[in-house]
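The sequence lines fix the lettering, A, B, ..., with proteins before strands; numbering per chain opens at 1. As a basis for the values below, the full set of heavy atoms in this structure was taken, side chains included, without hydrogen atoms, waters or symmetry mates.
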There are 2 protein chains.
Amino acid sequence: MRYPESWLRGAPLGEGITCELRMQIISGALKPGETLSENRIAADFGTSRSPVREAMKTLSSEGLIRLERMGAVVIGLGEKEVDELYDVRFLIESFAQQRMAGLDTGPLIVQLGRIIDKMELAAKHMDPIEFAYQDLAFHETIIAEAKHSRIWQLWKSIRQIVMTVMLLTTEEVFSEGEARVAGVIDKHRKLLNGIQTNDPKTIERTVRDYFADSYVTLHDSISPARG
Amino acid sequence: MRYPESWLRGAPLGEGITCELRMQIISGALKPGETLSENRIAADFGTSRSPVREAMKTLSSEGLIRLERMGAVVIGLGEKEVDELYDVRFLIESFAQQRMAGLDTGPLIVQLGRIIDKMELAAKHMDPIEFAYQDLAFHETIIAEAKHSRIWQLWKSIRQIVMTVMLLTTEEVFSEGEARVAGVIDKHRKLLNGIQTNDPKTIERTVRDYFADSYVTLHDSISPARG
DNA sequence: ATCGCAGAAGTTGTATACAAGTACACAGTC
DNA sequence: GACTGTGTACTTGTATACAACTTCTGCGAT
């Protein structure tokens, strides 16, 4: 699977290389332990080393590769790493939701409702890319609502990885039939209901349930998908 | 205050520029809203744009500046931002400590004890730089013990900022007399005792107390120090 | 005085060149 | 045969050059 090109319209070269390499690492096309050379990658992409260098730095800051003296080593995203990624997602989202408990969540509820509508539309159109995008948007909207610069920074640092993982898993989910897709939508509706209660305890439980369920989904769908 | 040069021995140019700029931003020498030009900074440091570019990318990923089309804009670290930074530190450390509750913390306790000894020594020698370094090492050791790649990644993404803030605050603390320094050491000893209990509830409370107290310290010392 | 337009200066993104250092293979020696 | 030294190919880090784009300035026309 390739990174959707429409998302890179007008973006600098370096960004495209970053996304492509990220996808290759997460999808498993580039295996952990493999070493990447700036020269080789630049040649592969037909560019100079400058944008490649940027990509390497970005991927390193995302924890997908490790910069060493000779060549960068692929770290990759195995089952364990994906679990850990979701630990952090839980941490971030849990924090965000707890933080806005008690505040007026009216506008947020409306926003999230609209996103769920778009997810349903994407499901109807059998458009996994759009679906994944809306899925990401859903969670991102919640996190943004926390209005916490550092939490936002944390999110940004894993956002692209989460997006890529979602792209891959959503493809898988779509291939498993409508029921599975409907299930994902339902999970988001439950999250929304949780927020609507405005009760910290309930929210805590809702978020916990959501991610507990995601672990199962991931282990069922991702690992076979990546051989 | 400048970044300790001994910490940059043999490091690439870009890293030095990153650290120097970071220090200037956090100390307030570079004020929020100011725009930085790669050319100007390169000229200031007497280097080419390449290492400066790297520094900009790093600082951007740390959330200290915002890359825009024309020039990078300084975001800075005001009181609110430091609070938020400590929110995340709490989140990370709390997670780490909870995670190893129940496991054998014996070796960790020994390690932390040694670090506290070094802190005491640094206090006796009136060496705030060494003290700050050991303070960082203390927390880093705890986080590393969680053995969680993503949490470690999160830590790495704020580590340098935390280090820099510590450098600045420790200078301040040292100038306020021995009692204050002893107080900081005592806080760490309490943290260590908390871990030693191996009781999640107690640990939770200990960590919370630690950071609650840190907020007070920060607001008393940092803000006047940075005018 | 105000608006519009050209141009100049400055900006980033990318390509290319070069220097310094590292790993590795291969030959020569003990 | 094992070991050491050397040379080579490849690596990163930095400097420099250039192109495309943006912003602002200043001049001229209205």
Side-chain angles (χ1 to χ4, degrees), chain A residues 3 5-22 24-25 30-76 156 160, chain B residues 3 5-22 24-25 30-76 156 160:
Chain A
Y3 195 86
E5 288 178 27
S6 59
W7 294 1
L8 295 171
R9 197 89 57 189
L13 257 182
E15 203 159 326
I17 297 178
T18 308
C19 290
E20 197 59 44
L21 285 178
R22 187 190 295 115
Q24 287 185 21
I25 293 175
L30 287 172
K31 294 199 170 35
E34 227 169 309
T35 74
L36 307 177
S37 142
E38 292 179 5
N39 280 316
R40 225 175 55 75
I41 295 178
D44 286 353
F45 282 92
T47 70
S48 78
R49 270 177 55 214
S50 305
V52 175
R53 222 177 142 67
E54 267 196 33
M56 301 289 249
K57 202 155 176 53
T58 302
L59 293 176
S60 159
S61 86
E62 289 180 355
L64 292 176
I65 65 177
R66 182 165 23 101
L67 265 39
E68 298 194 345
R69 268 178 269 192
M70 297 279 283
V73 179
V74 175
I75 294 179
K156 277 204 304 188
Q160 295 293 333
Chain B
Y3 194 87
E5 288 177 28
S6 59
W7 294 1
L8 296 170
R9 196 89 57 189
L13 258 181
E15 203 159 326
I17 297 178
T18 307
C19 291
E20 197 59 44
L21 284 178
R22 187 191 295 116
Q24 287 184 22
I25 292 174
L30 287 173
K31 295 200 170 32
E34 225 168 310
T35 76
L36 306 177
S37 143
E38 290 179 4
N39 280 317
R40 223 174 53 77
I41 294 178
D44 286 353
F45 282 92
T47 70
S48 78
R49 269 177 56 215
S50 305
V52 175
R53 220 176 145 67
E54 265 195 35
M56 301 290 249
K57 201 154 177 52
T58 302
L59 294 175
S60 159
S61 86
E62 289 180 355
L64 292 176
I65 65 177
R66 182 165 22 101
L67 265 39
E68 298 194 345
R69 266 178 273 195
M70 296 282 282
V73 180
V74 175
I75 294 179
K156 276 204 303 186
Q160 294 294 333

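- Across the protein-nucleic acid pair, A:Arg49 atom CZ and D:dT14 atom P stand 11 Å apart, rounded to whole Å.
- Listed candidates were C:dT11, D:dT11, D:dA15. Nearest to the side chain of A:Met70 is D:dT11.
- Of all nucleotides listed (C:dT12, D:dT11, C:dA15), C:dT12 comes nearest to the side chain of B:Glu38.
- Whole-Å rounding puts the B:Arg53 CZ to D:dA15 C1' distance at 14 Å.
- Once rounded to the nearest 0.5 Å, the distance linking CD1 of B:Ile17 with OG1 of B:Thr47 reads 4.0 Å.
- One atom, CG of B:Leu13, and another, C1' of C:dA20, lie 13 Å apart when rounded to the nearest Å.
- The distance from atom NZ of A:Lys57 to atom C1' of D:dG13 is 12 Å, rounded to the nearest whole Å.
- Each of A:Ser50 and A:Glu68 was assigned the nucleotide of DNA chain D with the nearest heavy atom; the assignment lying further toward the 5' end belongs to A:Glu68.
- Taking side-chain N and O atoms only, B:Thr47 has no distance below 4.0 Å to OP1 or OP2 of D:dT14.
- Between the C1' atom of C:dG10 and the CZ atom of B:Arg40 lies a distance of 13 Å, rounded to the nearest Å.
- We find the CD1-CD distance between A:Ile41 and A:Glu20 to be 11.5 Å, quoted to the nearest 0.5 Å.
- The backbone N or O of A:Pro12 lies less than 3.5 Å from no partner atom in the side chain of A:Glu15, so there is not a single donor-acceptor pair.
- For D:dT16, the OP1/OP2 oxygens have no side-chain nitrogen or oxygen of B:Ser48 closer than 4.0 Å.
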Intermediate values then yes/no, side-chain contact (heavy atoms from CB on, under 4.5 Å), A:Thr35 and A:Val73: CA-CA 4 Å; A:Thr35 74; A:Val73 179; 4.3 Å; yes
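- Contact annotation: A:Asn39 side-chain N/O to D:dT11 OP1/OP2 distance is under 4.0 Å.
- No donor-acceptor pair closer than 3.5 Å links the side chain of B:Ser60 to the backbone N or O of B:Met56.
- More than 12 heavy-atom neighbours from other residues, nucleotides or ligands sit within 6.0 angstrom of CD on B:Glu68.
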Tabulated below should be each protein N or O lying under 3.5 Å from an N or O of nucleotides 24-26 of chain C; please produce it.
none

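- Of the options A:Gln160, A:Lys57, A:Arg22, a side chain to side chain donor-acceptor pair (under 3.5 Å) to A:Glu62 is made by A:Arg22 and by none of the others.
- Between the CE atom of A:Met56 and the P atom of D:dT11 there is a distance of 10 Å, given to the nearest Å.
- Between the CD1 atom of B:Ile17 and the P atom of D:dG13 there is a distance of 13 Å, given to the nearest Å.
- Atom CG of B:Leu67 and atom C1' of C:dG13 are 12 Å apart (whole Å).
- The phosphate of D:dC21 (OP1 or OP2) has no side-chain N or O of B:Arg69 nearer than 4.0 angstrom.
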